[in-house]
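Below is one structure; the comments refer to it alone.
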Amino acid sequence: MPTSSASTTDASSKTPAASGGVQSLERAFDLLERMADAGGEVGLSELSAASGLPLPTIHRLMRTLVACGYVRQQPNRRYSLGPRLIRLGESASRLLGTWARPYLARLVEETGETANMALLDGDEIVYVAQVPSKHSMRMFTEVGRRVLPHSTGVGKALLAHTPADEVRALLARTGMPAATERTITTPEGFLEALEQVRRAGYAVDDNEQEIGVRCLAVSVPNSPTAAAISISGPAGRVTEAVTESFVPILQNVAAELSVALSNQTPA
């Protein structure tokens, strides 16, 4: 399972909180993030091993999270993320899209093509923001649309630095259906594509999600949650020739968006 961009260092390595109440809050959020990293369902012993916290402490925190609806206890006595998190996540995604929209508008202005922002949500890619091109022939992806990572540029950008065994596990869960004749349909082929992303610093969807459409994507560095931005357009416009000029624009906007997102939280 791909890990989130949030820190997953052991609790013992973190700076102690100023008060017991704040420390409990930090620990509770750390446990929720570890559950998400593990696929959404874990046992107490797994959480204890991952976090370094003693079982009684974890049990007390999990009881509180269960009572609040943020965690559920399954019949097999394992714990899963709870339904109250859905509303929080949906609201946060909408705000993230709102914050990103001015930066996507800059991409449209400088490249002429449709700009998108996407997140890795579980095993899927979800589009959270888009600013359309001004061309009469342009790409359109509905905000909220979910796709599998293996056939998209944003999926490659988001998974480029995920360990190979985790990528293989994700692909085993989702399968690799062919959206087009150009879609990568083997784990080995996808891992090779991720290596190309790491070398080049950007990802390409070359007619892999939709014939006639080409997409360039980069991840947003140090984003609070794994995020990527992209531009997409007709393959006849988003050519190899313009890639060299478009990629630096994408990378610059991603870096500026990263700073903006980190500044949304007061110090």
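On a predicted model such as this, the values are computed, not experimentally measured, just so you know. Hydrogens, waters and symmetry mates are skipped; everything else that's a heavy atom, side chains included, is used.
Contacts of Asp206 classified as side-chain contact (heavy atoms from CB on, under 4.5 Å), with partners at least two apart in sequence or in another chain: Arg182, Val204, Glu208, Arg214. Contacts of Glu192 classified as side chain to side chain donor-acceptor pair (under 3.5 Å), with partners at least two apart in sequence or in another chain: none. Partners of Glu109 by side chain to side chain donor-acceptor pair (under 3.5 Å), not counting sequence neighbours, listed by chain and number: Lys134. Applying the side chain to side chain donor-acceptor pair (under 3.5 Å) criterion to Ser219, with sequence neighbours excluded, gives no partner residue. Partners of Glu41 according to the salt bridge (Lys or Arg N to Asp or Glu O under 4.0 Å) rule, which considers only residues two or more places apart in sequence or in another chain, are Arg78. By the side chain to side chain donor-acceptor pair (under 3.5 Å) test, Gln251 pairs with no residue at all, sequence neighbours left out. With sequence neighbours excluded, the residues that form a salt bridge (Lys or Arg N to Asp or Glu O under 4.0 Å) with Glu188 are Arg168. In this structure, the side-chain contact (heavy atoms from CB on, under 4.5 Å) partners of Val197, at least two apart in sequence or on a different chain, are Lys156, Ala160, Ala203. When the side-chain contact (heavy atoms from CB on, under 4.5 Å) test is applied to Pro75, no partner is found at least two apart in sequence or on another chain. Scored by the side-chain contact (heavy atoms from CB on, under 4.5 Å) test, Ala227 finds Met117, Leu119, Val220, Ser223 as partners (sequence neighbours excluded).
Connection of Met35 to Leu25 is established within a shared hydrophobic cluster, with ILVMFWY side chains joined at heavy-atom distances below 4.5 Å, either directly or through further cluster members. Residues Val108 and Leu250 share a single hydrophobic cluster, defined by chaining ILVMFWY side chains whose heavy atoms lie under 4.5 Å apart. One hydrophobic cluster, built from ILVMFWY side chains closer than 4.5 Å, holds both Val247 and Leu257. In terms of hydrophobic clustering, with Ile, Leu, Val, Met, Phe, Trp and Tyr side chains grouped at heavy-atom distances under 4.5 Å, Ile211 and Val213 are assigned to different clusters. The hydrophobic clustering, which links ILVMFWY residues whose side-chain heavy atoms are closer than 4.5 Å, places Leu47 and Leu61 together.
Sequence neighbours left out, the pairs with a member in residues 244-260 that pass salt bridge (charged side-chain N to carboxylate O under 4.0 Å, His left out) are Arg106-Glu256. Each salt bridge (charged side-chain N to carboxylate O under 4.0 Å, His left out) pair with one or both residues in residues 56-77, not counting sequence neighbours, would appear here, but there are none.
Going from atom CZ of Arg84 over to atom OH of Tyr70 covers 4.0 Å, rounded to the nearest 0.5 Å.
Panel note: side chain Glu46, backbone Gly43; a donor-acceptor pair is recorded below 3.5 Å. Ser258 places a side-chain N or O within 3.5 Å of a backbone atom of Pro221 that can act as its donor or acceptor partner. Formation of a donor-acceptor pair under 3.5 Å by the Asp30 side chain with backbone atoms of Glu26 is not found in this model.
In this structure, a donor-acceptor pair under 3.5 Å is absent between the side chains of Asp205 and Thr152.
Taking the side chain as every heavy atom from C-beta outward, Leu81 and Leu32 approach each other to under 4.5 Å. The closest side-chain heavy-atom distance from Ile184 to Met176 is below 4.5 Å.
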